[in-house]
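One structure is given here, and the rest of the page talks about it.
Every chain is numbered from 1 and lettered A, B, ... according to where its sequence line falls, protein lines coming before strand lines.
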Protein chains: 2
Amino acid sequence: MSAPDRGWTPGAGAGPTGAPLVRIVDVAAAAGVSVATVSRTLNGKGRVDPVLAGRVRDAAERLGYRPNAVARNLRRRGTQVWALIITDVNNPFYTAVARGVEDQASRSGYSVLLCNTDEDQSKEDRYLEVAAQERVAGVVLAPRSSDTDVSGLVGSRIPLVVVDRELSHPADFVTAASFEGAVMATEHLLREGWRRPACVTRPADTATTEQRRLGYEDVMRRHGLPPLVRHVPFHVDGWTEIQNTLFSAPEPPDALLTVDSMLALDMVAGLKRLGRRIGTDVGLIGFDDAAWAPVVDPPLSVVAQPAYEMGVAAARLLTKRIQDPTAAAETLTMSTTMIVRESSRRAAPA
Amino acid sequence: MSAPDRGWTPGAGAGPTGAPLVRIVDVAAAAGVSVATVSRTLNGKGRVDPVLAGRVRDAAERLGYRPNAVARNLRRRGTQVWALIITDVNNPFYTAVARGVEDQASRSGYSVLLCNTDEDQSKEDRYLEVAAQERVAGVVLAPRSSDTDVSGLVGSRIPLVVVDRELSHPADFVTAASFEGAVMATEHLLREGWRRPACVTRPADTATTEQRRLGYEDVMRRHGLPPLVRHVPFHVDGWTEIQNTLFSAPEPPDALLTVDSMLALDMVAGLKRLGRRIGTDVGLIGFDDAAWAPVVDPPLSVVAQPAYEMGVAAARLLTKRIQDPTAAAETLTMSTTMIVRESSRRAAPA
DNA sequence: CCTTTGGCTGAAAACGATTACTTGGGAGTA
DNA sequence: TACTCCCAAGTAATCGTTTTCAGCCAAAGG
């Protein structure tokens with residue numbers, strides 16, 4: 001039998017538009033074989049006569065056949081695609097994670113689709129739903145908050161690895177030692193002689209930045225100093241808030257610990273506008289070693305996270321999880337390192 | 001009729017693993033209606049008795065039914081998903097474009113999946129193939145080079161909008177006035193009194209950066225000056241190359257025009273290491289107004305592109321293209337603006 | 001009281017691949 | 001020669017939806 005007549009013959013000078021796509025039956029007809037043989041040839045499964053295989057490959061080539069992955073995924077009940085859901089493509093930490101995930105994924109034969117939630121709960125919900133309904137092979141998620149609802153993924157039995165921020169739902173989890181990093185940073189500031197370091201952090205439902213705040217407060221308490229903390233929303237110039245509160249108070253801070261690199265950038269710009277010299281009048285240390293950290297004025301001290309390696313680790317866990325969905329959930333905490341540049345050193349006033 | 005027996009009853013205390021997913025037939029059986037009625041209810045198409053609709057929604061909720069989008073896409077012959085293929089997630093220009101595309105897409109009811117090709121031809125090929133086979137509703141592509149092969153998309157009749165870099169294949173195209181931007185920047189450098197500005201650009205098959213080089217050379221020629229050009233590969237520290245060539249020559253340049261923000265960063269770091277004072281010994285101006293540009297030492301002059309707006313425009317064109325695949329291809333060139341800070345001003349030596 | 005109309009409902013046919021199962025022919029053995 | 005056995009190729013079931021189409025029932029009109 002040949003393909004059902006669609007009033008159109010493949011390759012016979014089809015019009016500029018509206019010509020139907022070529023399907024496997026068209027290839028089969030053109031090669032004079034059955035669809036099964038075409039499928040087996042193109043997928044390299046089962047034995048097929050070299051002569052027929054040649055005819056099939058010729059026909060496929062000639063007609064410009066492009067298998068419909070949607071149909072294939074339906075039949076195979078699975079894809080070779082992961083979704084990586086992050087909260088901010090502008091944050092170099094997450095893009096570094098993304099590259100790690102991507103590199104490791106392609107070694108295992110998966111493609112990675114990146115979804116940017118922009119710290120917006122409704123966008124995150126939407127992407128989680130898309131991932132669940134499109135039945136991706138797995139998801140790497142940096143959740144907006146620990147209450148992010150992953151029931152869609154769970155309901156669709158989609159393997160999940162959480163990265164950076166903890167989730168209340170149990171799952172494989174890759175993170176960095178945020179608390180310890182903040183402890184290092186705060187102790188460093190005090191050692192340098194700063195007297196009133198403050199912590200500029202993100203909303204309290206962001207797990208990782210809370211760890212950093214807690215690390216800061218822990219050190220302050222041990223030194224008998226009153227903690228100074230401000231929570232700054234995403235998507236605003238953090239400096240405005242800080243200037244109106246901390247720097248308008250009778251006793252302003254003399255140093256700042258920021259929990260991510262965008263906040264650090266806001267502080268550098270703001271302090272400059274206010275005429276405060278960083279490293280002399282005010283100490284500053286941030287999280288994440290962005291590419292620009294060494295060249296700002298003055299070079300920025302940071303607590304660095306192994307972002308790329310975290311991505312690789314997350315991808316490895318996801319591969320394992322796909323192979324064995326029943327294994328117990330693992331948590332991987334990678335260590336942070338402090339990179340001291342000039343912004344946190346206490347220089348003598350000129 | 002009820003669902004074919006799979007040896008498992010939905011909601012009847014299924015085991016921890018391996019329990020099949022809930023399908024539409026399961027919902028239909030539980031609600032005592034046909035699958036057609038379930039589909040109509042859940043999609044809000046056609047009239048359905050409120051009582052039955054209630055039973056359906058109850059059953060769907062109770063069983064945790066999650067429609068299989070793969071099957072739906074197959075039947076509907078289409079998705080609500082776009083692919084956005086960019087060459088570098090670490091480049092703030094592209095992430096700004098991505099946010100523009102994303103915002104506009106979601107206004108039109110599409111979800112955007114981001115693919116990062118890392119300036120790697122094989123990765124780009126892979127993602128184009130995935131997009132073509134997965135039959136996404138449309139693609140926004142920032143091509144690696146003008147020879148990027150989009151025949152897969154064309155063959156699968158997938159609407160395409162090209163952004164930033166031109167493609168030899170005809171398609172809707174959104175770009176910025178690179179040539180004019182480079183002309184502005186070069187004339188500005190000469191006006192400030194720099195005598196030997198050089199151009200640090202990317203490989204010659206990158207359309208946009210070539211435009212910038214040409215703009216630079218055009219000005220140099222008009223001023224009767226010999227052009228100084230170096231092409232720097234992606235993924236390397238651009239400075240090494242520049243130091244070993246331009247700055248090892250008998251007559252080194254006294255100013256640099258870089259064609260993207262990562263190159264500018266490399267130059268700032270490198271010139272510092274070499275002990276050259278930017279704005280005094282050497283002038284510097286880059287492309288793209290990255291968030292860090294105002295806070296490096298000294299603040300970086302740039303030619304800014306309206307990246308976010310370019311993304312929005314690309315998304316608009318794609319929506320139009322999807323509605324009318326036959327319309328003539330459009331090209332949109334958005335203007336660039338020069339932001340002069342200190343790095344390009346010629347300060348008197350201290 | 002019968003017929004027409006209109007609106008819901010359900011049965012079944014797509015969608016386009018993969019793959020289990022069937023079939024037929026050739027080779028090998030008794 | 002006849003009977004197995006094996007292997008490649010083809011037939012048809014399947015994946016889980018959406019959507020066409022036919023049928024049924026109730027209401028309305030003649």
Heavy atoms under 4.0 Å, any strand shown: does Ser39(B) hit a base, just sugar-phosphate, or nothing? base
Less than 4.0 Å between a side-chain N and a carboxylate O, is that true for Asp49(B) and Arg40(B)? no
In whole angstrom, what separates Arg40(B)'s CZ from dT19(D)'s C1'? 8 Å
Arg55(A) has an atom CZ; how far is it from atom C1' of dA8(D), in whole Å? 14 Å
Establish, with yes or no, whether the OP1 or OP2 oxygen of dG16(D) is under 4.0 angstrom from a side-chain nitrogen or oxygen of Arg77(A). yes
note: Asp26(B), atom CG; dG16(D), atom P; distance rounded to Å ~ 9 Å
Round to the nearest Å and state the distance from Arg75(A) atom CZ to dT14(D) atom C1'. 5 Å
dA12(D), dG16(C), dT9(C): which one has an atom nearest the side-chain heavy atoms of Val35(A)? dA12(D)
Hey, is the side chain of Lys45(B) poking within less than 4.0 Å of OP1 or OP2 on dT19(D), counting only N and O atoms? yes
Using heavy-atom distances to pick each residue's nearest nucleotide on DNA chain C, tell me which of Thr37(B) and Pro67(A) is more 5'. Thr37(B)
Rounded to whole Å, how long is the line connecting atom CZ of Arg72(A) with atom P of dG16(D)? 18 Å
Which nucleotide in the set dA9(D), dT18(D), dG16(C) lies at the smallest distance from any side-chain heavy atom of Ala71(A)? dG16(C)
Ignoring backbone atoms, establish whether Arg47(A) has a side-chain N or O less than 4.0 Å from OP1 or OP2 of dC7(D). no
Considering only NZ, NE, NH1 and NH2 on the basic side and carboxylate oxygens on the acidic side, decide whether Arg66(B) and Glu129(A) come within less than 4.0 Å. yes
Between CZ of Arg23(B) and C1' of dC15(D) the distance, given in whole Å, is 10 Å
Give the rounded distance in Å between these two atoms: CZ of Arg76(A) and P of dG16(D). 16 Å
Return the 5'-most residue of the pair Leu74(A), Val38(B) with respect to DNA chain D, ranking by each residue's nearest nucleotide. Leu74(A)
Does Arg99(A) come within less than 4.0 Å of Asp88(B), counting only side-chain N to carboxylate O? no
Report the distance from atom CD of Glu134(B) to atom P of dA17(C), rounded to the nearest whole Å. 13 Å
When you measure from the side chain of Ser156(B) to the backbone N and O of Leu153(B), does any donor-acceptor pair fall under 3.5 Å? no
Side-chain N or O of Ser34(B) closer than 4.0 Å to phosphate OP1/OP2 of dA11(C): no
Ignoring backbone atoms, test whether Asn43(B) places a side-chain nitrogen or oxygen under 4.0 Å from the OP1 or OP2 oxygen of dT18(D). yes
Would you classify Asn73(A) as touching base, sugar-phosphate or nothing, given that sugar-phosphate means primed atoms plus P, OP1 and OP2, and contacts are heavy atoms under 4.0 Å? nothing
For Val70(B), answer base if it contacts any base atom (sugar-phosphate contacts may also be present), sugar-phosphate if it contacts only those atoms, and nothing otherwise; contact means non-hydrogen atoms under 4.0 Å. nothing
Does Tyr65(A) make a side-chain N or O approach to OP1 or OP2 of dA17(C) shorter than 4.0 Å? yes
Quick check for you: among dC8(C), dG10(C), dT19(C), whose closest atom lies nearest to any side-chain atom of Asp49(B)? dC8(C)
Exactly one of Leu21(B), Ile24(B), Asp26(B) should register a side-chain contact (heavy atoms from CB on, under 4.5 Å) with Tyr65(B). Which one does? Ile24(B)
Assess whether a salt bridge exists between Arg55(B) and Asp58(B), defined as any Lys/Arg side-chain N lying under 4.0 Å from an Asp/Glu carboxylate O. no
